[in-house]
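As the structure lists them, so they are numbered: ligands from 1, and atoms in each ligand from 1.
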Amino acid sequence: MRRREPDRHTAYFDLLEACKQEGCPVCTLTLAAVAHYLDAIIYESVNDPPTRMELVAAAGYCNEHSWKLRDMGAALGAAIMYRDVLRQAAKAIERQPRRDGLQIFPDRGRMRWPRRWLPGKTRAGGRDLADPHTSCPACAMREHAELLYLGVLLEHVGETEAAEAFRGSAGLCLVHLDRAQTVAGKRAALDRLLTLESELLRALDDDLSEFARKHDYRYLGEKVGAEGDSWIRAIGLVAGKPGIR
Ligand SMILES: [Zn+2]
Ligand SMILES: [Zn+2]
């Protein structure tokens, strides 16, 4: 079986490489780790009992990661694994008397809707509007990769090579900037990271202002420069790369 977890030994070099690519480097590496994980499952572990049991226990991948299977063209893998999940749901329907409620998802994943969305007054008001697939194994891998790469970034950000690489990147998206605070061991490392991030945010702000200025009719004749895609870069930095959350 191919390894499914990002490699700790190459994480630093992966990070330097990712800094050269578009968008948040931690998004880049995390999405690659999740894609690699799903790939290994689909092509090598569909018939691995622990893998299938884990997915049944989680009641399938979350919405995002379930549809990734279709994007990957994982027809047979999805057929086999999701048949397991649906058989489990069918069993739950047969087994559980209605008054006890239907336990589809593990732990706190049971779907609850706001009272005003429910017919009559027979059901309790809801709390959880998020995807109830809170135990998605691919989400767990995403979490693992995010923490690994943020940890490596913080560990090395005080060194010239890593700092220069990060300076050349798009910067951390807000999702990962937020996460970085929960990973930071030493205050100095986080401070260093935040200083570099501020520089990148200022540079993007300048590009966005230039972009807006050139949209003024008085300057419409001016050539579009590096600021041309700044609005897309801004979306990426606010939201993270598509599929990160
Ligand atoms: Zn990110
Ligand atoms: Zn997921």
The SG(C27)-the Zn ion (ligand 1)-SG(C173) angle, to 10°, is 110°

Nearest to the Zn ion (ligand 1) - the N/O/S atom of H176, by atom name
ND1

I'd like to know: is the Zn ion (ligand 2) within the 2.8 Å range of an N/O/S atom from H65, strictly under that distance?
yes

If only atom types and distance count, is the side chain of E197 paired as donor or acceptor with the main-chain N or O of L172 below 3.5 Å?
yes

My understanding is that only one of D207, D206, D205 makes a salt bridge (charged side-chain N to carboxylate O under 4.0 Å, His left out) with R233; could you say which?
D207

Which heavy atom of F166 sits nearest a heavy atom of G171, and at what distance?
CZ-CA, 3.9 Å

Could you tell me how the ring of F105 sits relative to the ring of H133: parallel (under 30°), tilted (30 to 60°) or perpendicular (over 60°)?
perpendicular

